[in-house]
Amino acid sequence: MKHIRKHVKPYLPLLISSIIFIAIQAYLNLVLPNIMSQIVNVGIQDYSQKIALASGAVAESLKLEQQQYIIITGAKMLCVAIFTGVVTLLIQYINAKMGTGLARDLRNTIFSKIESFSSAEFDKFSTASLITRTTNDVQQVQMMLTMGVRTIVFAPLMGIGGVVMAMKKAPSMAWINALSVIMVIGLIMIVYSLAVPRFKLIQTLIDKLNLVARESLSGLMVVRAFSTQKYEEERFDKASREYKQNNLFVNRIMSLMGPTMTLLQNIVPVVIIWIAAEKIANSQLLVGDMMAYIQYSGNIMGAFMMISGIFVMFPRAMVSVNRISEVLDTENVITEKENPVILPIDKCEVSFNNVSFTYPLGEGEVLKNISFVAKPGQVTAIIGSTGCGKTSLVNLISRFYDVTKGSVKINGIDVRDMSLKNLRDLIGYVPQKSILLSGTIRSNLQSANQEATDVEMEKACEIAQAKEFIERKEEKYDYPISQGGTNVSGGQRQRIAIARAVMKMSPVYIFDDSFSALDFSTDLKLRKALKENLSNATIIIVGQRVASIMDADQIIVMDEGKIVGKGTHKELIKHCEEYQQIAYSQLSKEEV
Ligand code: TTP
Ligand code: MG
């Protein structure tokens, strides 16, 4: 709740003015029946009696007076009604402004919080759930605020005011109101107990629906290739059916309320007229008062009805509030020290010192006792079978995760002591799965370095062997890139991602299996260009192909999370069994 409170704060003036207008609206609503009863009691009943008793000219002037009275009082009613309309409009306007504004702020806060998440936090929430939390859950909160404020202020005023006014008009009929209120409360309680338990369920079902839809849409190609449309359809159908059933249940119950209330609202006036008729005949009650009484009893029931709406909405919104708080309260695992060290963007030596690592949600150590030094001006290659922990290892340098034991240091400074921005400024990183953002080639490249000139950009693309295919395109650097970069080939995507990293002109480069989609000759040209142009940089290359790493200054051979060999190609081929196996499976005797 504290997050919501914090977000409401800027809207306090709006909130207060909304409350004031709502109070005015309630007051006007209470005044109206009273004026109406005057028309009937005085304007019709009193004057008619007087006119009946008078005669001739007196009667004529009384008739005129009666007409005037009715017109003036009617005009009063009209004014009140128009004023009520204006006030209602104002309330709607203020509430809409407040609600949408608050929702926007809240969404922004959640979004920036999510942006600060590291992989560890992303593992905790699913992407689908994060999306629902930023959209649907915020919407629930927005609804609660706008409707809630209205109800919390308006309904009690209306209810209490209605009771007071009704008691004034006809105290002897109070039991009718009491009875109708009891019936309304009973109805609310039944609906409440049936519907509320489903709300939490509905919110999780939206997550699930979102997840299934996202998965089968983003993996559409795979679904088609394996002809699993039917399976996916059934999966979606199941999720959607479950959602539908619960929603239907809740809505059916809720929609029962409408007709039942209408029934009550129509029965009560009949009862009132029935009882009042006798009192009127006995001159214990005025007709106008009875009419006002009917309206007040309607107001009282309406107030309870509104409160019931809140009772239903509130638990639902609370579920959403909690889901939002869960995101906002998540403590980032990767945090900065108070006075972080800032290293100059200069030569960097990366060292692993007895590093062990376990994934936050995983079991068992993925990396065990890793120690090595990657020196500036050198290429350090990491090779090993799939799943041996290469990606996990390089991810520790950029602090996508933190080490469990040991330390990763840059120029002797623990990466955990550095400012995150500084750390990441030092590193040009090409992930194993190259991801481009929607936009153009230019916007993707510039995301790494806003200040880079066109010449620098072209140079980076030349190094990454991307220049040629980019310049063959009609739009060149303004070639549009679709979401995820799916409209360029895998190899092209990799090369744009490499160019993007090179654009940073950072002292450390990490290429996680980044040449896998390139043919041998491009691979060779690219590595040569890297060596020539980034001669001072610390380059760490994760690779699968011996051919592409055999000329590295240092090769680290990994197996099941451990380092099993370290050295140059020549040394390893002599002494390291695992390396020999990999090398002989890929190269001919002469090549080795
Ligand atoms: P990786 O570090 O991804 O292994 P790798 O990069 O050597 O493999 P590849 O050549 O295929 O790219 O994974 C090592 C282990 O860590 C593996 O058992 C899976 C596990 N793991 C997680 O539990 N969570 C993760 O986010 C990742 C990336 C890996
Ligand atoms: Mg990997």
Side-chain angles (χ1 to χ4, degrees), residues 114 116-130 211 215 218 222 330 332-334 350 352 354-372 374 379-406 408 415 427-435 484 490-491 493-494 497-498 501 508-518 523 539-550 552 554-566 572 576 578-579 581-583 585-586:
I114 294 175
S116 80
F117 278 4
S118 71
S119 317
E121 286 94 24
F122 271 110
D123 294 346
K124 189 173 138 192
F125 300 99
S126 72
T127 315
S129 176
L130 285 174
L211 177 86
E215 255 180 18
S218 50
V222 182
T330 299
N332 287 17
V333 182
I334 307 289
V350 179
F352 276 66
N354 266 320
V355 169
S356 295
F357 174 64
T358 311
Y359 276 101
L361 297 177
E363 294 161 18
E365 288 186 331
V366 173
L367 297 174
K368 291 167 212 121
N369 273 325
I370 303 285
S371 296
F372 70 91
V379 174
T380 303
I382 302 173
I383 194 166
S385 54
T386 45
C388 69
K390 304 181 296 291
T391 298
S392 310
L393 185 144
V394 292
N395 280 350
L396 296 177
I397 306 174
S398 317
R399 279 192 86 194
F400 293 139
Y401 291 95
D402 270 342
V403 297
T404 325
K405 266 189 240 148
V408 179
V415 289
I427 299 170
Y429 171 63
V430 185
Q432 185 162 19
K433 186 167 178 272
S434 354
I435 291 172
R493 189 159 59 235
Q494 256 184 358
I498 293 169
V508 181
Y509 286 96
I510 300 172
F511 300 100
D512 187 354
D513 216 357
S514 308
F515 313 135
S516 60
L518 307 181
D523 183 0
I539 299 178
I540 298 174
I541 297 177
V542 172
Q544 304 272 13
R545 292 200 297 237
V546 174
S548 40
I549 57 141
M550 57 196 279
Q554 176 184 225
I555 298 170
I556 289 166
V557 188
M558 288 186 64
D559 189 36
E560 293 185 0
K562 286 189 292 260
I563 295 186
V564 290
K566 210 178 339 182
L572 288 168
C576 182
E578 284 82 358
Y579 189 73
Q581 272 176 11
I582 303 172
S585 67
Q586 292 180 8

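As the structure lists them, so they are numbered: ligands from 1, and atoms in each ligand from 1. A quick note: this is a predicted structure, and the numbers were derived from the prediction, not measured.
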> Classify the angle between the aromatic ring planes of Phe122 and Phe117 as parallel (below 30°), tilted (30 to 60°) or perpendicular (above 60°).
perpendicular
> Tell me whether Gln432 has any N or O atom under 3.5 angstrom from an N or O of ligand 1.
yes
> Please list, in number order, the atoms of ligand 1 under 4.0 Å from a heavy atom of Thr391.
2 (O), 3 (O), 5 (P), 6 (O), 12 (O)
> So does Ser392 have any N/O/S atom less than 2.8 Å away from the Mg ion (ligand 2)?
no
> Would you please classify the geometry between the Tyr401 ring and the Tyr359 ring as parallel, tilted or perpendicular, with 30° and 60° separating the classes?
perpendicular
> Could you tell me whether atom 15 (C) of ligand 1 has a protein heavy atom closer than 4.0 Å?
yes
> So which heavy atom in the protein is nearest atom 18 (O) of ligand 1, and how far is it from that ligand atom?
Gly387 O, 4.2 Å
> Using side chain to side chain contact (heavy atoms under 4.5 Å, CB included) as the criterion, point out the one residue from Glu560, Met558, Lys562 that pairs with Leu367.
Met558
> Checking contacts here: is it the side chain or the backbone of Val366 that comes within 4.0 Å of ligand 1, counting heavy atoms only? Could be both or neither.
side chain
> Tell me, please: is Gln544 in heavy-atom contact with ligand 1, that is, under 4.0 Å?
yes
> Please write down residue, atom name and distance for the protein heavy atom closest to atom 2 (O) of ligand 1.
Ser392 OG, 2.5 Å
> Could you tell me if Gln494 and Ser516 have a donor-acceptor pair between their side chains, going purely by distance under 3.5 Å?
yes
> Assess whether side-chain contact (heavy atoms from CB on, under 4.5 Å) is satisfied between Phe515 and Ile541, documenting all intermediate values.
CA-CA 9 Å; Phe515 313 135; Ile541 297 177; 3.8 Å; yes
